[in-house]
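Worksheet for the structure shown next.
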Amino acid sequence: MAKRLAMVINDIVSDTQSAFVANRHILDGPFILNEVLQWCKRKKKKSMFFKVDFAKAYDSVRWDFLIDVLEAFGFGSTWCKWVRGTFCHAKGSILVNGSPSSEFQFQCGLKQGDPLSPFLFILVMESLHLSVCRAVNDRLFTGIRLHDSISLSHLFYADDALFIGEWSDVNLRGIIQVLNCFRLASGLHINLNKSQLLGVGVQQHVVVDMANSIGCSVMQNKFRYLGVMVGECMSRSKPWDDVVAKLKARLSKWKAKTLSIGGRLTLLKSVLGASPLYNMSLFKVPKGVLKDMESIRNNFFKGANLSEKKITWVA
């Protein structure tokens, strides 16, 4: 079932979702978001970025809503019956002091680890995408218009949702109303305590007052999205300090002198050489940063501590 669903999911899911779909990459979202942030700062465009956290996303999906979504996307009655069967016959138990309790029937949610669950979840999120698009068309929410024909209002990666729009109290209230309606239908509700609001081109006290009014926290101008720092000018060396510090921290956990040359080389290739690649896949690294990281790896390979120097016997 998962393979069949994966074959048709690309034609159903919109471009705003980049999770679990062929030919879409996790870095698409951070790349687009970073460009939009830089554009808003250059144009001095008053805009808001609302990062939403769904509480127990996979465990809260209502089954009746999921079946309605499948039927709305054109899945036949036989397919919907199969999907319903995978849920209705699922049971679980709780380990209490190492002993399992009596089994009980699940009432909602998607099974973690099931290869079918990610595809079903992004279909649920696709219904949210359609709701946001309808809200934009009805002017309940206004996204960022980059050009005459390009407008951006949201980015989704599984349960990571980010809403982008013009800065106004009405605009923020509008998207919260859409999310509340989505909660009543799907069972997914927002955890406002973990949600964050960022205002670009807006005074800080205005952003704080707006965040306090809805119960969320304030997001910094430079923040992490899907593991990548966005909002920074990555052509400079300063924004890469965290990446270099992470590399040093991983090296400090290993005693170089207790490992053979082969062990150090294997560790460098499999772990320490790959750790910065996620950020380097998106941004061009300054030469000075590359030199610092290469120096750290060199010292580890030679068996020297990070605070001392050692002669390199082979070039």
Side-chain angles (χ1 to χ4, degrees), residues 18-21 23-41 49 51-53 118 155-162 194-196 198 200 217-315:
S18 55
F20 313 122
V21 182
N23 300 322
R24 302 186 193 182
H25 199 272
I26 186 175
L27 289 175
D28 293 343
F31 177 76
I32 295 172
L33 179 59
N34 190 66
E35 292 296 318
V36 173
L37 271 170
Q38 299 298 336
W39 182 86
C40 291
K41 291 177 181 178
F49 296 80
K51 190 178 179 182
V52 172
D53 180 81
L155 292 171
F156 293 161
Y157 186 87
D159 60 335
D160 286 302
L162 184 75
K194 294 184 179 180
S195 299
Q196 296 177 308
L198 169 66
V200 176
S217 58
V218 178
M219 188 161 49
Q220 301 297 323
N221 290 329
K222 306 171 185 63
F223 61 95
R224 287 194 176 275
Y225 179 67
L226 301 180
V228 179
M229 186 67 69
V230 295
E232 286 269 22
C233 182
M234 300 304 289
S235 60
R236 300 176 181 175
S237 299
K238 184 67 176 176
W240 291 90
D241 288 348
D242 290 341
V243 179
V244 177
K246 186 178 180 181
L247 186 61
K248 287 183 179 179
R250 289 196 174 187
L251 280 172
S252 64
K253 296 178 181 179
W254 295 88
K255 297 295 184 181
K257 294 180 180 179
T258 61
L259 295 174
S260 63
I261 293 179
R264 294 196 292 266
L265 180 60
T266 302
L267 183 63
L268 285 170
K269 285 183 177 181
S270 61
V271 180
L272 304 175
S275 60
L277 289 182
Y278 185 68
N279 291 273
M280 293 166 64
S281 300
L282 187 60
F283 301 112
K284 188 176 181 180
V285 190
K287 291 183 178 179
V289 176
L290 288 175
K291 185 177 180 180
D292 291 341
M293 290 192 292
E294 189 63 28
S295 176
I296 294 170
R297 289 194 291 261
N298 263 340
N299 287 335
F300 181 79
F301 179 69
K302 291 182 292 186
N305 294 325
L306 297 178
S307 58
E308 65 181 19
K309 293 184 179 180
K310 196 172 182 180
I311 298 175
T312 302
W313 297 104
V314 179

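- The two residues F223 and L198 come nearest to each other via the heavy atoms CE2-CD2, 3.6 Å.
- Separation of atoms OG (S18) and CZ (F156) is listed at 11.0 Å; rounding is to 0.5 Å.
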Please tabulate, for the side chains in residues 23-34, all donor-acceptor contacts under 3.5 angstrom to protein atoms that are two or more places apart in sequence or on a different chain.
{"from": "R24", "atom 1": "NH1", "to": "S14", "atom 2": "O", "distance (Å)": "2.5"}
{"from": "R24", "atom 1": "NH1", "to": "Q17", "atom 2": "O", "distance (Å)": "2.7"}
{"from": "R24", "atom 1": "NH2", "to": "N10", "atom 2": "OD1", "distance (Å)": "3.3"}
{"from": "R24", "atom 1": "NH2", "to": "V13", "atom 2": "O", "distance (Å)": "3.0"}
{"from": "H25", "atom 1": "ND1", "to": "L27", "atom 2": "N", "distance (Å)": "3.0"}
{"from": "D28", "atom 1": "OD2", "to": "H25", "atom 2": "N", "distance (Å)": "3.0"}
{"from": "N34", "atom 1": "OD1", "to": "G231", "atom 2": "N", "distance (Å)": "2.9"}

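- No more than 12 heavy atoms of other residues, nucleotides or ligands lie within 6.0 Å of CZ in R236, so this atom counts as exposed by the packing criterion.
- For K41, the NZ atom sits in a packed shell: over 12 heavy atoms of surrounding residues, nucleotides or ligands are nearer than 6.0 Å.
- To the nearest 0.5 Å, atom SG of residue C40 and atom CD of residue E35 are 11.5 Å apart.
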Please test R297 against E294 for salt bridge (charged side-chain N to carboxylate O under 4.0 Å, His left out), starting from the C-alpha separation and ending with a verdict. CA-CA 5 Å; R297 289 194 291 261; E294 189 63 28; 3.0 Å; yes

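- Nearest heavy atom pair, residue K222 against residue M229, reads C-SD, 3.9 Å.
- Counting heavy atoms from C-beta on, the side chains of V244 and M293 come closer than 4.5 Å.
- S295 places no side-chain N or O within donor-acceptor distance of the main-chain N or O of K291, the cut-off being under 3.5 Å.
- Summarising the geometry, atom CE belonging to M234 is positioned 4.5 Å from atom CH2 belonging to W240; distances are rounded to the nearest 0.5 Å.
- One distance of note links CG of D160 with CG of D53; it measures 8.0 Å at 0.5 Å rounding.
- In terms of heavy-atom proximity, F20 sits nearest to A158 at CE1-CB, 4.0 Å.
- Closest heavy-atom contact between V230 and Y225: CG2-CB, 4.3 Å.
- Taking CG of L162 as the reference point, atom OG of S195 lies at 11.0 Å (rounded to 0.5 Å).
- Residues L290 and M280 form a side-chain contact, since some pair of their non-hydrogen atoms from C-beta on lies under 4.5 Å apart.
- Rounded to the nearest 0.5 angstrom, S237 OG and K287 NZ are separated by 12.5 Å.
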